[in-house]
Every structure is written in C-alpha cells, then in structure tokens.
Amino acid sequence: MNEMVDMMVEFGGMGLANPVFTASGTCGYADELAEFMDVNALGGFVTKSVTLKPRKGNLRPRIVETNAGMLNAIGLANVGLEKFIEEKLPVLRGRSAAVFVNVAGERIEEYVAVVERLANEEPIAGFELNISCPNVKRGGITFGTDAGQVKEITSAVKKASGGKCLMVKLTPNVTDISVTAKAAVEGGADALSLVNTFTAMVIDIESRKCVLANRTGGLSGPAIRPIAVYMVNKVYTEVAKDAGVPILGGGGIRTASDAIEFMIAGASAVSVGTASFIEPGCAVKIIEGIKKYCERHDISKVSELVGTLK
Amino acid sequence: MTEQAAKTKGKFSASVSFNRQIKPRYWRLGLEFSGEGAVAFGGTRPGQFAELDLSGAAVPAEKAIPEDLRDAAKREVLLRRPFSFAKVESKKGKTHVDILYCVLGPATLRMTTLGHGDVVSVIGPLGNGYKAAEGEKRAILVAGGMGAPPMQHMAQELTAEYPTMDVIAFGGAKSVDDLPFETRPDQILKELGFYLREFAEYGIQSMVATDDGSAGFAGTVTDCLADWLGRNEVNANETVIYACGPEQMLAAVAEIAKERHIDCQVSMERLMACGIGVCQSCVVECKCDGDTEYKLCCKDGPVFDAKEVVF
C-alpha cells in the first residue's frame with residue numbers, strides 16, 4: 001500500500017497545506033531566505049515581531065550559546081508597522097503558506113492599532129499575539145503572566161482583527177500555563193501558540209557579569225523541548241481539546257521526530273525556530289519526514305496524529 | 001528549458017583538503033568545493049565569510065586539549081560559527097578555500113580534529129566584503145591578531161587585480177606566538193620584522209608588531225602603522241586602508257585614517273546565530289543622519305566604511 005498522505009490540517013478556521021510553521025524571529029520576513037528555503041512549501045509562516053513604532057532593540061551582546069540551546073535578548077528589534085507594510089508585506093504577498101504577523105507592544109492600544117491597520121491586508125491569514133517576550137522592559141511577558149491581562153488584551157485585539165485568525169503566544173514562565181491558556185481562550189483566541197522562550201541567564205565567570213547586555217535572555221533550542229512537549233500536552237488536555245482550539249506547538253524542534261512528538265502531545269501544527277538558524281531549510285525537510293512517518297504507520301491523514309498520546 | 005542562474009550563496013558540502021597547526025593556538029584549514037559550491041565560492045570577495053557546522057566534529061583527545069579549554073571542551077556546539085577566508089582559488093572546476101582559525105572554544109577545538117576527506121556543511125559566501133579599489137595607487141593592509149585572514153585574502157586579490165598598486169601589510173599580535181602567520185619567529189627576527197611569508201608570496205612587503213616586543217616593532221600594530229605613516233610620504237587621495245582585527249584596534253586605525261583623510265574600510269566581528277540576516281543578534285552601531293542606527297554585521301557588513309561605525 002502506498003497511498004498519498006493527506007498533509008492538510010485544520011487550523012483556527014482555515015485549512016493549511018501541512019502542519020509545519022517557522023517560528024517568529026527565526027526567519028525574518030521571508031525576504032532573506034530565498035536561497036535557503038522554499039517558503040511556499042511551509043504550512044505557515046510567522047513573521048518577526050511588528051510593533052507600532054520601529055524599535056532598535058537591545059544593546060549587544062544579544063545572544064549566547066548554551067548546551068543544546070541559546071539565549072537571545074534581541075528586544076523586539078523591528079522596522080515598525082509603516083515600513084513593514086511598505087517593504088515587507090509585498091514580499092509576503094502571493095505566498096501559499098499561511099502568513100501570521102507576530103504583533104508586539106507595550107500597551108494594549110498599540111497591539112490594537114497594529115492589528116487594526118493590518119486586518120484588511122490580503123496576504124495576512126492571521127496574527128500571533130506576542131504577550132510573552134521576556135526581553136523587553138514594558139509589555140511582552142508582563143501581559144502574558146497575568147490571566148486577567150491575557151483575557152483583556154486577547155479580547156481587545158480580537159475585536160480589531162477583522163475576522164482573521166488570532167493566535168495567542170503563551171509564555172512558559174508561569175506556574176500553570178493552563179491558567180493563561182484558558183484566559184486566552186476566554187478572550188476569544190482562535191488558536192494557541194506555545195511555548196515562547198524560558199527566561200534564563202548566563203554569567204561570565206571571569207568578569208562576574210552577565211554575558212547578555214540585557215542580563216537575562218530567552219532560552220530556546222533542543223534543551224527546552226521536553227518541557228515544551230509537556231506544556232503542550234497539559235494545555236491540550238486541560239484547555240484546548242474541549243474548547244476546540246488548535247495548538248501551534250514548538251520548542252527545540254530540529255527533526256521530524258521532534259515535530260511528531262508535539263503532534264502526539266496535542267499540537268495541530270508545529271513551529272520550527274532555533275533550528276532554522278543552523279539549517280535554514282530544515283522546516284521543509286521536516287514536512288517530508290512527517291509524511292514518511294505517516295506512511296510507515298499507515299496514517300492517511302496527518303491530522304489523525306494530533307493528541308493521540310496513550 | 002530555462003537555465004537557472006548560478007547560485008551566489010547557499011548551503012554546500014565541502015571536503016577537507018588539509019588541516020594543520022601553524023602556531024600553538026592557530027590552525028589553517030583547507031576546504032574544497034565542487035559543483036555549485038565551487039561556483040558560489042569562486043566569486044568570494046575578501047572580507048566575506050562562511051558559517052561552518054562544527055557540531056558533528058569530534059572532541060580532541062583529552063591530552064590534546066589545552067588546560068584552559070578543558071571545561072569548554074565539555075560544552076556541546078549548537079550554532080554554526082562564522083569564518084572569513086585567507087585565500088580562495090578556483091581551478092579545474094573546484095574552488096579551494098583556506099580558513100585560518102584560533103582555538104578558543106568548543107567549536108574551534110572540535111575543528112582541529114577534522115581531517116583530509118572529512119565533509120563539512122558550509123553556508124556562504126555571506127556578507128559584503130571589502131570594496132574593490134577605485135583607482136587608488138596605494139593600499140595599506142592592517143591585521144590585528146585574528147584579523148589576519150581577510151588581509152591575506154585581500155593581498156591575493158590586489159596582486160591579481162591591481163598589479164601596479166603599491167601595497168604594504170601590517171601584522172600585529174600580543175606576542176610572537178600569537179601571530180597567526182606561518183612564518184617562523186626566527187625568520188621574522190632575522191628579517192628585522194619586514195618579512196611575513198603570507199604577504200611575501202604576493203610580493204608584498206610587511207611589517208610585524210608585537211605588544212611585548214618579542215618580534216618586529218615593539219608596540220601595537222596601530223602604533224606601528226602611525227610610526228610608518230610618519231616616516232613615509234603618503235598621498236591621502238590615492239591611498240586606501242583595509243583593516244581587520246579587534247574592535248579597539250579598528251577604532252584606532254579609523255582615527256589614524258580620519259586624521260590623515262585616508263579612506264578606510266574595517267571588517268567587524270560579532271556573535272552570530274544565523275549569519276544570513278534573520279536573527280538580529282550581530283548589530284553594529286552606525287552613524288545615520290545625526291543619530292545612530294543598528295546595522296547587521298552579517299548582512300550589511302562585516303566590512304563597513306570606518307567613518308560610518310560608532311566605535
């Protein structure tokens with residue numbers, strides 16, 4: 001038997017060609033990647049964060065490598081909404097991958113203003129609400145750790161999103177991620193994205209100073225994968241499954257096996273992040289690997305894998 | 001049938017042709033590219049770089065690991081590492097690239113175990129190299145410590161493309177053992193600091209400076225440059241300075257160039273996660289309309305006009 005595997009997945013009210021996304025901040029606005037990856041082969045593409053005004057970002061050093069991972073503290077450096085529309089959006093037009101714009105800000109009104117302005121832009125399938133960036137002084141994670149604020153910002157942005165898919169990206173830096181996941185769903189989230197990076201610190205023992213200029217950064221990469229898998233499974237079983245809200249799961253995915261683990265745990269789609277820095281085309285390879293796994297296990301639709309943890 | 005344009009950059013496999021230790025901490029690695037990789041790397045400009053995946057290379061035997069790197073040796077390597085080139089040669093459909101590297105962490109420690117025939121995944125060539133000379137009659141190359149490779153590459157290019165140009169090179173380091181050149185210390189001393197084989201092979205005169213005076217000029221490479229400029233007539237309009245090295249040294253070179261109204265291009269170094277302009281980690285602060293802005297070392301550089309950089 002050699003039937004074709006149906007790689008389509010339902011996600012937040014839309015059909016995606018396959019379940020593989022690239023994560024925000026790891027593939028820019030797709031314009032840098034032409035030589036390395038066929039963006040059209042992806043199921044979804046999440047842009048680098050966009051804020052209302054341009055941001056220079058943090059002082060350097062902004063990254064440091066650790067065992068099986070890295071810390072980053074970029075500080076939401078981005079060109080700002082107007083330049084994004086002018087220069088980056090045209091490049092995203094005509095993509096077959098569903099384009100999600102990652103939106104960040106310091107105040108709820110800023111998130112709303114960005115989403116409102118982009119709500120009618122044709123190449124955008126939806127938004128990823130970044131309320132979980134650990135590397136900025138105001139906004140970001142301060143919204144994402146408080147259930148009341150998560151609900152408030154989600155519902156405010158939902159009203160502005162013009163019916164486009166609203167995905168809320170959750171921080172793992174909380175006692176119980178199901179609490180904030182539930183708040184996002186109550187606020188009207190169409191999908192949940194988890195996890196963002198773990199707040200972490202690396203110290204230079206010679207100078208006794210933090211390596212990163214921001215002192216702390218967000219840990220990503222293979223080191224966080226088992227924790228992320230656990231959190232996806234927790235949110236799936238405690239919140240998302242009953243609410244019928246899909247999860248974009250990620251954290252340290254490098255291979256198809258890693259991605260499949262997240263789907264079994266309950267993710268409808270998976271996002272590849274740090275691994276793209278090392279192998280810029282690896283997300284596309286992962287799609288092929290998932291397909292092969294399905295063939296090997298006689299799975300005719302990839303979506304049948306979701307939440308099948310025994 | 002449409003013919004596809006040749007790739008100017010991408011991810012390629014390279015085969016190791018040699019990997020030899022040239023100084024206690026310095027090694028020279030030869031990589032050979034064929035097919036599309038040979039074409040892409042054949043067009044490399046001095047100052048451009050490549051990202052090497054060294055995560056799969058073996059850790060050296062414990063006794064071969066310097067004492068101060070024993071802990072670093074235990075660390076895993078996740079990210080690729082950026083390297084510039086000391087020499088690039090294309091012949092018979094292959095491109096040979098020389099990389100000069102300093103052993104200072106888990107990745108470069110692993111790099112020393114690569115042997116003839118090993119295959120390495122390479123992304124490149126990346127970034128913008130030094131701009132080609134525009135009618136200048138004299139070029140001054142300034143290499144501080146690990147800034148040596150692109151200056152050797154520049155020497156190769158200038159000799160091939162501008163044979164009538166008057167070129168002089170300055171190579172500096174803390175001490176004679178830290179000079180990333182294959183020339184033996186006794187040769188440097190014998191020739192009174194005027195001889196580095198890596199430049200002499202192109203007929204280029206060179207001067208050596210060591211902070212501790214163990215070879216050549218006693219002082220920094222920038223002191224040596226300033227000293228030479230003070231003793232030689234240089235027409236600023238017809239001269240260009242190409243520099244690579246630690247940031248403090250580049251700042252000093254930029255200052256010397258500014259005082260004398262000489263054009264100067266500097267190659268910057270930054271920690272990078274991707275090398276292709278997506279991770280936003282390798283920022284270089286540059287002047288911009290009375291304010292400053294961050295440019296990316298990997299994409300906008302690594303070579304910048306010295307006047308542009310905020311040191």
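Chain letters run A, B, ... following the sequence lines, proteins first, then strands; residues in each count from 1. Everything numeric in this text was worked out from a predicted model, so none of it was measured.
- Note that CD of B:Gln280 and CZ of A:Arg62 are 7.0 Å apart. Values are rounded to the nearest 0.5 Å.
- Only the side chain of A:Thr274 has a heavy atom closer than 4.5 Å to any heavy atom of chain B.
- At a 4.5 Å heavy-atom cutoff, the contact between A:Lys48 and chain B is made by side-chain atoms alone.
- In this structure, B:Met272 and A:Ile63 have side chains that are not in contact, with every pair of non-hydrogen atoms separated by 4.5 Å or more.
- Using a 4.5 Å cut-off between heavy atoms, B:Glu293 contacts chain A through its backbone alone, with no side-chain atom that close.
- Salt bridge present: A:Arg60 and B:Glu247 bring a charged side-chain N and a carboxylate O closer than 4.0 Å.
- With rounding to the nearest 0.5 angstrom, the CD atom of A:Glu32 is 8.5 Å from the CG atom of B:Leu296.
- We find that A:Glu35 and B:Lys7 are not joined by a salt bridge, their nearest charged nitrogen and carboxylate oxygen being 4.0 Å or further apart.
- Residues B:Arg75 and A:Glu65 are paired through a salt bridge, judged by an N-O separation under 4.0 Å between the basic side chain and the carboxylate.
- Separating the OG atom in B:Ser55 from the CD1 atom in A:Ile278 is a distance of 7.5 Å, to the nearest 0.5 Å.
- Interatomic distance, CD1 of B:Ile123 versus CZ of A:Phe36, reported as 5.5 Å (0.5 Å rounding).
- Proximity to chain B is limited to the side chain of A:Leu33, based on heavy atoms less than 4.5 angstrom apart.
- In this structure, the separation between OH on B:Tyr294 and CG on A:Leu59 is 4.5 Å, given to the nearest 0.5 Å.
- In this structure, A:Ile74 CD1 and B:Ser281 OG are separated by 5.5 Å, a value rounded to the nearest 0.5 Å.
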